[in-house]
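Since the structure comes first, as structure tokens, the remarks are kept for the end.
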Amino acid sequence: MTEKERVVDSSNFIRNIIEEDISSNKNDGKVVTRFPPEPNGYLHIGHAKSICLNFGLAQRYNGKCHLRFDDTNPETEKVEYIEAIKEDVKWLGFDWGDNLFYASDYFDKLYELAIDLIKQGKAYVCSLEADQIRETRGTLTEPGIESPYRYRSVEENLELFERMRQGEFPEGSHVLRAKIDMASPNMNMRDPVIYRIKKVSHHRTGDKWCIYPMYDYTHCISDALEGITHSICTLEFEDHRPLYDWVLEQVDLGCHPQQIEFARLNLSYTVMSKRKLLRLVEGGYVSGWDDPRMPTIAGIRRRGYTPEAIRDFCERIGVAKNNSIVDIALLEHCVREDLNQKAPRVMGVLEPLKVVIENYPEGQVEMVEALNNPNDPDSGTRMVPFSREIYIERDDFMEDPPKKFHRMSPGKEVRLRYAYIVECTKVVKDEQTGEILEVHCTYDPETRGGAAPDGRKVRGTIHWVSAADCIDAEVRLYNNLFTKENPDEVEDEEGTFLDNINPESLVVLKGCKLEKSLLEAEIGKAYQFERQGYFCKDKDSTEERTVFNRIVPLKDSWAKIASNK
RNA sequence: UGGGGUAUAGCCAAGUCGGUAAGGCACAGGACUUUGACUCCUGCAUUCCCUGGUUCGAGUCCAGGUACCCCAGCCA
């Protein structure tokens, strides 16, 4: 383990539990976890926390982590999601090996065990309608009322359940319920439904079944069948733990995993629930599940975030039972830290301003040598064309600059990175509007490469691109999707999180001028545009059109100073 | 007014047997700088939700409060 890794290697309560279990030789010292998504949507960074936790624990303790699709509700699930989820888990850098499972693999066994429960008198077919079941469940403060069907004979239950399976009854006419305690203060224990009739075909089992088991019944048994030792889930399942344990005690599979709950991830300035994410997509507020502003794994990947950064982030946020909202700045920090190490540097001008170097020979082009990554001595150099007409960033020129402005302004010297030291001699403006059209400079031929042989100090260094030798691009700048740390905080009662969408979450820049070497950039590969941020080519790029995404901007202490004025 | 949880800095979060508050992010200074980036220094909780109690000693133990989150799907 390197020094850096040790820094973020902090313990958490789950690791403590597992370490105690290992030292007491519980489960023969083995650790088997699982990541159990329902294939009814795309994964987001909250799932990444769970994936990193479960797979990470397995790695750390030489165990295994299964990928298991919790596919018990065919109405909402699709194979398309299964494929997307697998891809996301792989992209994050985890490997389930042979341990790919589906709850639907266990439908036969689950059915068999349900019959067992009936025979034990622990489950019964209830013929109440859905709202009758709801009405008799009681409230948070009042106990429920027992179903009139609660004491049906074992024979009758067996027969009815079999007929449910055969498809003899319409949806909603009967369910199988566990017989526990209608007066339990825990609502989950008030004779929960464990099987319901759904006459829909399943994406894996086809039309074999028309009854499907419920989560509470399925999940614990699936865990036990797979020999899971630690079944880690989020806080809202804490109330379900007694039911998890109850089911396993009744069926006795010789394995009783321990359910442990932790707090799900919330991030500032974004939303994480499947429902809200779906609304953003369906309402056209974003371009799709992989819109680079989305906190989905697909969005994050397209944006250019790296799996390494995500894993580091998940390590740093820790694991606890506290409801919390993590500052998105931490995620961005992790992305910058990772990209700073590996992203090749390049020059790109986002909002171009033409500069003419008056004393530079017309038509001359010379190649200047630039470092690919000053922070990585092994990254080598590249040659960048320089000529009489170049573009610089509009922000890097001010006709009448404030005190600490170290960039280009009339009469002041500034360095063009890797090229020459220049001095602004003239500003050309539109006579009508006063807009600055171009700037003229002279260069000092003695300063090739940017060094001053006489040792004179030049504070500012700016990036540039040769006008005749650059590519035109569209650059998409992304900002927080919402204007509020907590998007659910709305002004008036009628409002929703959608009212807090940041109108500047996407800013499209056209006519950006990029260093020619970017022509061959592969989609998704991160580059640092020096002094700007990290960018990657977007999949929307074509032969005719180059599109880059801004992954994350560089920190900008000048912007802070300037905005304080 | 039932049950289950959680409270340590602006945001995360560690804190085993009670021994005198880790770390990261953010923020603020400074150094360095051919990226106002990076890196490097420095600062940032006399106090752990509150009130009592036990103790030589309490974030840790005890008692009583308070605040917030979750639960009444034939969703997971």
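Chain A is the first sequence line, chain B the second, and so forth, proteins listed ahead of strands; every chain is numbered from 1.
Classified by its glycosidic torsion, B:G73 falls in the syn category, the angle being within 90° of 0.
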Legend entry - Sugar-phosphate or base contact per nucleotide [nucleotides 33-38 of chain B; S, B, -; heavy atom under 4.0 Å]: BBBBBS
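Among the protein residues, A:N16 comes within range of the sugar-phosphate backbone only, with heavy atoms under 4.0 Å from sugar or phosphate atoms but none that close to a base. Counting non-hydrogen atoms under 4.0 angstrom, A:I194 reaches nothing in the nucleic acid. Within the nucleic acid shown, A:Y212 has no heavy atom closer than 4.0 Å to any nucleic acid atom.
Nucleotide B:C38 forms no Watson-Crick or G-U wobble pair with any nucleotide shown, as no partner meets the under 3.5 Å limit on both distances. For B:C11, the paired base is B:G24 (Watson-Crick or G-U wobble, both distances below 3.5 Å). Nucleotide B:U6 has B:A67 as its partner under the Watson-Crick or G-U criteria, with both atom distances under 3.5 Å. Of all nucleotides present, none satisfies the Watson-Crick or G-U wobble test against B:C44 with each distance under 3.5 Å.
The interatomic distance linking A:K49 (NZ) with B:A13 (P) rounds to 7 Å, in whole Å. Here the P atom of nucleotide B:A76 and the OH atom of A:Y81 are 16 Å apart, to the nearest Å.
The side chain of A:E236 sits closest to B:A76 out of B:A76, B:C12, B:G5.
Residue A:T72 places at least one side-chain N or O closer than 4.0 Å to OP1 or OP2 of B:A76. Here A:S324 does not reach the OP1 or OP2 of B:C11: none of its side-chain N or O atoms lies under 4.0 Å away. OP1 or OP2 of B:C27 lies within a sub-4.0 Å distance of a side-chain N or O belonging to A:K560. Residue A:N322 has a polar side-chain atom (N or O) positioned under 4.0 Å from OP1 or OP2 of B:U8.
Salt bridge A:K321/A:E238: present, at least one basic N to carboxylate O contact under 4.0 Å. Looking at A:R531 and A:D395, no side-chain N of the basic residue comes within less than 4.0 Å of a carboxylate O on the acidic one, giving no salt bridge. Salt bridge status for A:R204 with A:D105: present, with a side-chain N to carboxylate O gap under 4.0 Å. For the pair A:R316 and A:E337, the salt-bridge criterion is met [side-chain N within less than 4.0 Å of a carboxylate O]. Ion pairing between A:R34 and A:E226 fails under the 4.0 Å rule for side-chain N and carboxylate O.
Rounded to whole Å, the C1' atom of B:C68 lies 23 Å from the corresponding atom of B:A14. Nucleotides B:G30 and B:A21 place their P atoms 30 Å apart, quoted to the nearest Å.
Between A:Y111 and A:Y195, the ring planes lie perpendicular to each other; the angle is over 60°, past the 30° to 60° tilted range.
Using modelled atom types, one finds a donor on one side chain and an acceptor on the other under 3.5 Å when comparing A:Y420 with A:E366.
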